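Structure, as structure tokens:
Counting starts at 1 for both ligands and their atoms, following the listed order. Only heavy atoms go into these numbers, but all of them, side chains included; no hydrogens, no water, no symmetry mates. Since we're looking at a predicted model, the values are computed, not measured.
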Amino acid sequence: MPEEYRSRRSCLAVPGSSQRFLDKARGLAADEVFLDLEDAVAPAAKEAARRGVIAALNAGGWGGKLVAVRVNGATTRWAYRDVAEVVAAAGRGLDAIILPKVTDPGHVVWLDLMLGQVEQDTGDEPGRIGIEAQIEDARGLARVDEIAGASPRLRALVFGPADFMASVGMRSLRVGAQPAGYVGSDAYHYPLLRILVAARAHGLAAIDGPYLAIGDLDGLAGAAASTAALGYDGKWVLHPAQIDVVNRAFSPGQDDYERAELILDAYRYYTSVEHRGAAMLGDEMIDEASRKLALGVAAKGRAAGLRRSQRFEPVTDGSAEHPPRGEGLGQPAGQG
Ligand code: GLV
Ligand code: MG
């Protein structure tokens, strides 16, 4: 978990060709907004969309959201101008470029070099603009480890279920939902876990892709809860109605958040003051592995704006020792 964790619970796709959607997106509660130049924009509208995206970035007003642009894939005729024109004209308003259909680490290296060239030209801070790489077909998944290590600019790997389903021949048109007839519990488990492991091995965020049935908020809530439980940081959303559902699914619960903060305080106290590596907190043993788990939950909770109400107070009667002695166990302050 990086020191300064940025929330990407909901990542809102906004078609770059729609002025109305670009204007509306500013006031929505998504953690990240990305202005799309790829599949939401028809080939004939690509150039106009590029100009619209530049204007929207320069107009600002995005609040504390992360702002990204999804350019066209590295093998398309639009990609070089997407990057050069958008970043040269509006790079200061941009946190990241989303690169779709990454099948080769060379795609990421190409984007990294392009960004570096534009930054030198404009005098912008070198390396500031990040890259989020979409893994959305069999070739990309097969090389996901190399892709995840291809540039220090990488911030996240993003699963693209629609393109992935097409690539592997999954027999369903319901993107993000389980395919009818599949008898396992989650047809996306393998790509999701494969991408998550590659992302974490390189210190990156892992983001799940869209759920296309906009009217099915229960189905979306189930899909989001499942990838959140697996460890993902967030999920794409395509419509304002999906934002709250997804933000909720990817925020830790208040109880888990409180517990994570208590574990961090308690672990700090027991290791530095009492020089013990394992101790009891309430009825549970905590150690270095608990601290690592708690770090992730606490970072996500803080980034999601949760506030703690409990403080850790050490117990001095020996009950916090591990293995525990006697009946009375250490308690978080303010609890029975
Ligand atoms: C997103 O780009 C997807 O293909 O699902
Ligand atoms: Mg796609």
Side-chain angles (χ1 to χ4, degrees), residues 8-18 21 25 30 32-43 45-46 49 53 66 68-76 78-79 82 96-104 107-108 111 131-144 147 154-179 186-196 198-199 204-214 216 219-220 222-224 226-227 230 232-239 242-243 246:
R8 285 183 171 84
R9 294 169 305 171
S10 51
C11 305
L12 175 68
V14 185
S17 50
S18 166
F21 288 155
E32 175 172 320
V33 171
F34 74 86
L35 317 184
D36 193 12
L37 295 173
E38 201 222 14
D39 282 355
V41 177
K46 297 276 189 200
V53 161
L66 286 166
V69 168
R70 178 164 74 161
V71 297
N72 287 280
T75 61
T76 68
W78 300 289
D82 287 347
I97 295 285
I98 300 179
L99 188 62
K101 299 184 177 61
V102 179
T103 56
D104 185 309
H107 294 183
V108 175
L111 178 55
I131 298 175
E132 300 184 11
Q134 275 191 279
I135 303 298
E136 41 185 356
D137 71 358
R139 286 192 299 161
L141 192 64
R143 302 191 68 181
V144 67
I147 290 167
L154 277 162
R155 303 283 183 271
L157 298 182
V158 183
F159 178 48
D163 277 299
F164 185 81
M165 291 163 76
S167 156
V168 300
M170 199 181 279
R171 203 180 57 191
S172 169
L173 296 171
R174 300 170 60 236
V175 173
Q178 295 303 313
D186 182 1
Y188 304 104
H189 181 73
Y190 175 71
L192 285 171
L193 196 59
R194 187 83 190 75
I195 289 169
L196 178 64
L204 309 179
I207 310 293
D208 189 15
Y211 187 89
L212 262 58
I214 306 293
D216 178 13
L220 171 68
S226 178
T227 37
L230 199 58
Y232 269 65
D233 299 277
K235 183 168 177 65
W236 278 14
V237 291
L238 305 177
H239 187 276
Q242 293 187 320
I243 295 174
V246 166

Q | E38 and T76, any side-chain heavy atoms less than 4.5 Å apart | A | no
Q: For the Mg ion (ligand 2), report each protein N, O or S atom nearer than 2.8 Å, sorted by chain and then by residue number.
A: E136 OE1, D163 OD2
Q.
Has Q242 got a side-chain atom pairing as donor or acceptor with Y211's backbone, closer than 3.5 angstrom?
A. yes
Q: Apply side-chain hydrogen bond (donor to acceptor under 3.5 Å, both in side chains) to D163 and list each qualifying residue two or more places apart in sequence or on a separate chain.
A: K101
(Q) List the protein residues in contact with ligand 1, where contact means a heavy-atom separation under 4.0 angstrom. (A) R70, Q134, E136, G160, P161, A162, D163, P210, W236
Q. How are the rings of Y188 and F159 set relative to one another: parallel (under 30°), tilted (30 to 60°) or perpendicular (over 60°)?
A. perpendicular
Q) Does Q134 reach the side chain of I98, with side-chain heavy atoms less than 4.5 Å apart? A) yes
Q: Determine whether L141 and F164 make a side-chain contact, defined as any pair of heavy atoms from C-beta on separated by less than 4.5 Å.
A: yes
(Q) Whether the side chain of S17 engages the backbone of A49 through a donor-acceptor N/O pair (distance < 3.5 Å, no angle test) should be reported. (A) no
Q: Evaluate the side-chain proximity of P100 to D39: yes if any heavy-atom separation is below 4.5 Å, no if none is.
A: no
Q | Pairing residues for D82 by the side-chain hydrogen bond (donor to acceptor under 3.5 Å, both in side chains) criterion, not counting sequence neighbours | A | R50, N72
